[in-house]
Amino acid sequence: MIVQHDVTIVGAGLAGLRAAIAAAETGEKLSIALVSKIYPLRSHSVCAEGGTGAALREGDSIELHAWDTVKGSDFLGDQDAIEFFCSQAPKEAILLEHWGCPWSRTDQGLIDQRPFGGHSFPRACYAADRTGFHEMHTLYERSLMYDNIIRYNEYFVTSLIIEDNHIKGLTAIDLKNGEMIGIHSKAVILATGGAGRLYEFTTYSYTVTGDGMALAYRAGVPLKDMEFFQFHPTGLLPSGILITEGARGEGGYLLNNKNERFMEKYAPEKMELAPRDIVSRSMMTEIIEGRGFKGPYGDYLLLDLRHLGEERIEERLPLIREASIKFSGVDPVEEPIPVRPVAHYTMGGVHANMHTETPVKGLYAAGEVACVSIHGANRLGTNSTMECLVFGGVAGSRAAEFALKNDFEALPKDVVAKEESRIFDDFMGRDGDESIAEIRDTMRSTMESKVGIFRKGDDLKEALRIIKELKNRFNNIQISDKGRVFNTDLTSALELDFMLELAEIVVLGALKREESRGAHYRLDFPKRDDENWLKHTMAYYTEDGPRLEYIPVTITKWEPVERKY
Amino acid sequence: MSLKNAIGLWFGLRGKSFTGYAFVLHRLTGIVLTIYLFLHLAFLTSLTQGEEAYTALIRKTVTPTFLPFDILLVGATIYHGLNGLRLVIAEFGLTRYHKELLWVLGLIGLILWIYVSYLLYKIVVV
Amino acid sequence: MEEKNVVFVVKRFYNDSEEERRYEFTASRGMTVLDGLYYIKDHLDATLAFRASCRMGICGSCGMIINGRPMLACSTQIFDLDSDIITVEPLKNMDGIKDLVADFNEFFEKHKKVKPYLIRKVEKSVEEGEYIQTPDQLKEYRQYALCIKCGLCYSVCAIAGSNNEYLGPASLASAYRFMKDNRDEGGEERLLLVDGHDGCWRCHFMAECSEVCPKEVDPAKAIQMIKRKAFIAAFKRLFRR
């Protein structure tokens, strides 16, 4: 079956929903397909907790927000894009408020803002510690107003159809009955989020497997800066559930086993509110040097919120308290929370410019799946949800304008039938003796131990060898579920296929980048090297693995200087 | 959505909490009272055959054999009435404490039930 | 670490046929029911189908019936359950798709029916800034905005089990969330949508929805408060004539 929609959006998280609304508003007559492999509101965006950054108040400015972001990115962010991003942020925060978002308020009834890591002004708009959750629900509910948004819930996208550098649509499996469909489109927006499930200890939902990145990559679109992976300082033990930076924004302390606020050694000025890469590295240093606590789930440090008092915790960090009690058995009102740095954000992604355009005509990318790049080598907290809003909006209106101006281009012959055969005959027909779970777990532990916060050449080479071997082994997997209906055995195999592809790019990029910048820290090259490495990594698909190229960083007004907090 | 599913949700006890039990009991007592209502009407029709016939019929039911049934009937009436009162109060959004109210009314109902049962016992047996 | 043997009795469903499958394994303290299901999928039976995403109780994917009661699998510790035999079934009042995967389409359709978004006569422009809402005004509805649409309340609702058209606790709570938002001007319009046979008046106040709600939204209270609003509105209409 082939259906036709002017604009198709893949992914229905924050960026996808924002894009759908923008597209629906730009072209009222356009038909917009919103495709997601899960139901509405299940997207990982609901897990965002702490806040959304926007320069709203006197004393703050767009320029200051931009500078904080540039400095946070360790000067790898494209400064034109960052300036644009910061200038649009206040509008988006207000827009969301107008659509019903239950932002936390000041006594005067204005949107309240809290301090956040790396920001020199309290500019994180927040809705308690369920910011992403409320933003998602607000956008989803708003999107229900538009009848021209057609939802394809629980459709798993298997390929993008690109010919002559033009996007023509995509193929997807309807999970409910296993039917392969083609969606014929003038424009496609990727909004599938990051690739955090590459790592073992991660804040990510089970569903965040980098599908959009891998789809685009295989279709010939380059991926940018994939070696930069953010580790959030505070992942809850043992599960890795996120403890928001807002907890430190509200005044929480990080403590080592000597009961010291060790951050004063590493970032005397900003202390716990230094950018995430710095805090995470400091924590790992403490742990490696033996000042961590030992536990059955590995070493950890403590996040102490007790001095905030029950009332403040209950009002501003209720989810953190709930999660700590339910998933770690610790009530932060009574005890400090056990935490360790945890894989949290994919700075890299599908190469896109500040108009969210990829090199392929009609293909756009927004949100975590894209690398615009405003985050450079290290993202500041609050900038990701805002990125989804700003660039989701841009992608939606750009794609809609593109669809208004252009006609449908003919789909290649038999494209759906060929894809159907690839998935259901070739892929599902695999009956080897390798287990999907085992390959996945090996990949994740390899990434965790060898491509983590501290990296070195030998480890990376070894990791690359293991990933390549896993890719070989993957050809020999067994898919036991041979049915068509809701075959999650098949989808987890497809996801693993995507992830292995991405893991290779991350490792290769990290191996080649012989410097330390932002989240990418090489023990064998501990200094930032602007002369040779102030550039973006671009990975292109080839049959023998990724081919890397480099492009320059856009610098407008801020020349790189030493990064101190 | 099957009939079995619906009956399970309306009358089943598995997986329910206290308010759920109250609901189930309310349905059951409601059914009992409805049946009794028809029974009562049937009894009343005997009046068409004269007052004597009616009294004779009623006298038959005021015996120790029927006493347990009467006591259960009173229990059902008291429960259904008091819980109904609770529902009316709660459904107008007049209280947040509907669960506590259930306990209080339950206690009142129990005392009432014992007292009325005692009265019935006196009439029938003594 | 503390361990024990558990048996998962999973109600499997495929192509209209049902069967119960038993899976036995060793669980350690700290393992959730969701971890258990993943253990089964990874090591014992890869064909088992269930939904999961955030594993922190905020996305609403993994609602299922555990030992007879609707719960989120990710938020339920195996060691907290009082039996070592753990039965797992899909949510009720929804059609089955496969195993523990139930069809939520109707559930989401009903949510859409109550117009769950701010209705404004005139929308303020972005340049004019935000609508004013004090912390107290926020508190009026915040509880009802916490609903994660997991469907547990819908699954335990007797009325939803016997009447396909009943809007159900989650959507009614959502309607009430907007009724209590001082920015909303959809008062009468939305009230008409929920004040009917298939709306608030169908509720018989079993209140189990509030008991199973993992986020303490208290949909039962929301529905009763809608009844009150509807009653008062009807009363006023009576005198306006």
Side-chain angles (χ1 to χ4, degrees), chain A residues 38-44 46-47 91 93-95 97-100 102-111 128 130 133-134 137-138 141-142 144-145 153 175-176 205-207 238-239 241-242 296 319 322-323 326-327 329 435-438 441 478-481 483 485-489 492, chain C residues 1 14-15 30 32 38 41-43 45-61 74-75 77 97-99 101 103-105 108 111-112 115-118 120 123-124 126-135 137-138 141-142 145-149 174 178 181 183-184:
Chain A
I38 41 185
Y39 268 140
L41 306 174
R42 311 308 190 214
S43 304
H44 181 62
V46 294
C47 298
K91 191 190 91 187
I94 302 284
L95 205 53
E97 197 278 336
H98 287 185
W99 292 346
W103 292 123
S104 293
R105 303 288 178 150
T106 64
D107 290 340
Q108 291 76 42
L110 300 172
I111 299 173
R130 297 186 180 93
F133 169 80
H134 284 304
H137 280 242
T138 302
E141 289 167 345
R142 174 80 184 181
L144 295 173
M145 288 175 79
N153 299 325
L175 293 180
K176 199 171 168 180
S205 301
Y206 280 106
T207 42
S239 53
I241 287 169
L242 173 66
L319 181 66
E322 184 190 322
K326 269 193 192 161
F327 301 105
S435 128
I436 297 169
E438 201 185 305
D441 293 347
Q478 185 190 34
I479 296 183
S480 344
D481 192 344
V485 178
F486 221 92
N487 188 337
T488 48
D489 199 18
S492 45
Chain C
M1 208 177 303
Y14 190 69
N15 280 349
T32 63
Y38 269 110
K41 187 159 183 71
D42 286 350
H43 302 284
D45 185 352
T47 65
L48 180 66
F50 55 92
R51 291 196 189 96
S53 185
C54 76
R55 56 85 172 89
M56 56 184 281
I58 192 93
C59 80
S61 296
C74 74
S75 308
Q77 296 280 335
I97 294 177
K98 186 187 173 188
D99 299 344
V101 178
D103 193 336
F104 271 69
N105 280 344
F108 281 117
H111 174 230
K112 186 179 173 180
K115 301 199 174 172
Y117 36 77
L118 277 195
R120 297 281 305 182
E123 278 194 24
K124 209 170 172 179
V126 172
E127 288 68 34
E128 291 171 90
E130 62 262 58
Y131 301 120
I132 298 298
Q133 180 165 74
T134 63
Q137 287 172 321
L138 172 66
Y141 71 87
R142 195 170 114 175
L146 295 179
C147 171
I148 59 174
K149 307 287 176 289
S174 184
F178 286 96
D181 192 324
R183 298 167 292 182
D184 186 74

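So that the names make sense, note that chain A is the first sequence line, chain B the second, and so on, each numbered from 1.
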* Audit row: C:Tyr38, A:Tyr206, side-chain contact (heavy atoms from CB on, under 4.5 Å) steps and yes/no -> CA-CA 11 Å; C:Tyr38 269 110; A:Tyr206 280 106; 3.3 Å; yes
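- Using a 4.5 Å cut-off between heavy atoms, C:Arg120 does not touch chain A at all.
- A salt bridge is defined here as a Lys NZ or Arg NE, NH1 or NH2 lying under 4.0 Å from an Asp or Glu carboxylate O, and A:Glu322 with A:Lys326 meets this definition.
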* A:Cys47/A:Leu242 under side-chain contact (heavy atoms from CB on, under 4.5 Å): CA gap, chis, key distance, verdict -> CA-CA 8 Å; A:Cys47 298; A:Leu242 173 66; over 6 Å; no
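- Of the two parts of A:Phe486, the backbone and the side chain both hold a non-hydrogen atom closer than 4.5 Å to a non-hydrogen atom of chain C.
- C:Val101 touches chain A through its side chain: at least one heavy atom from C-beta onward sits under 4.5 Å away, while N, CA, C and O do not.
- Within the 6.0 Å centre-distance limit, the rings of A:Tyr39 and C:Phe108 are counted as a close aromatic pair.
- For a residue to count as touching a neighbouring chain, one of its non-hydrogen atoms must lie under 4.5 Å from one of that chain's; by this rule A:Thr138 does not touch chain C.
- A:Asn487 contributes a side-chain N or O that, together with a main-chain N or O of A:Asp481, makes up a donor-acceptor pair within less than 3.5 Å.
- Between C:Thr134 and A:Arg105, every side-chain heavy-atom pair lies at or beyond the 4.5 Å cut-off.
- The greatest number of non-hydrogen atom pairs below 4.5 Å with chain A, out of C:Gly60, C:Gly57, C:Ser174, is found for C:Gly60.
- Of all the listed residues (C:Ala49, C:Pro135, C:Cys74), the one sharing the greatest number of non-hydrogen pairs under 4.5 Å with chain A is C:Pro135.
- Looking at C:Asp103, the atoms closer than 4.5 Å to chain A (heavy atoms on both sides) sit in the backbone and in the side chain alike.
- For the 3.5 Å distance criterion, the side chains of C:Lys98 and A:Thr488 fail to qualify, holding no donor opposite an acceptor.
- Nearest heavy atom pair, residue A:Lys176 against residue C:Asn105, reads NZ-ND2, 3.8 Å.
- Note on A:Ala93, A:Pro238, A:Ala437, A:Ser43: by heavy-atom pairs under 4.5 Å with chain C, the leading option is A:Ala437.
- A cation-pi arrangement is found for A:Arg42 relative to C:Phe104, the charged atom lying closer than 6.0 Å to the ring centre and inside a 45° cone about the ring normal.
- A donor and an acceptor atom, one from each side chain of C:Asp181 and C:Gln137, are nowhere located under 3.5 Å apart.
- Using a 4.0 Å cut-off between a side-chain N of Lys or Arg and a carboxylate O of Asp or Glu, A:Glu97 and C:Arg183 qualify as a salt bridge.
- Of all non-hydrogen atoms in C:Glu130 and A:Ile94, the two that sit nearest each other are OE1-CD1, 3.6 Å.
- Contacts of A:His137 with chain C are made by side-chain atoms alone, with heavy-atom separations under 4.5 Å and no backbone atom involved.
- For C:Ile148, the parts lying near chain A are the backbone and the side chain together; criterion is any non-hydrogen pair under 4.5 Å.
- Taking chain C as the reference chain and counting heavy-atom pairs below 4.5 Å, the highest number among A:Ser480, A:Gly329, A:Pro102 is found for A:Pro102.
- Of the residues considered (C:Lys124, C:Glu128, C:Arg51, C:Lys149), C:Arg51 shows the highest number of contacts with chain A, using heavy-atom pairs under 4.5 Å.
- Contacts of C:Asp99 with chain A are absent, with no heavy-atom separation under 4.5 Å from either backbone or side chain.
- At a 4.5 Å heavy-atom cutoff, the contact between C:Phe50 and chain A is made by backbone atoms alone.
- Using a 4.5 Å cut-off between heavy atoms, C:Glu123 contacts chain A through its side chain alone, with no backbone atom that close.
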* **Worked verdict on A:Thr207 versus C:Ser53 for side-chain hydrogen bond (donor to acceptor under 3.5 Å, both in side chains)** => CA-CA 6 Å; A:Thr207 42; C:Ser53 185; 2.8 Å; yes
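- Looking at A:Leu319, only its side chain comes within 4.5 Å of chain C, counting heavy atoms on both sides.
- Only the side chain of C:Lys41 comes within less than 4.5 Å of a heavy atom of chain A; its backbone N, CA, C and O stay farther away.
- Heavy atoms of C:Glu127 lying under 4.5 Å from chain A are absent altogether.
- Residue contact with chain A, scored on non-hydrogen atoms closer than 4.5 Å, involves the side chain of C:Arg142 exclusively.
- When each of A:Gln108, A:Glu438, A:His134 is checked for heavy-atom pairs under 4.5 Å with chain C, A:His134 comes out on top.
- Both the backbone and the side chain of C:Ile97 come within contact range of chain A, with heavy atoms under 4.5 Å apart.
- Neither the backbone nor the side chain of C:His43 comes within less than 4.5 Å of any heavy atom of chain A.
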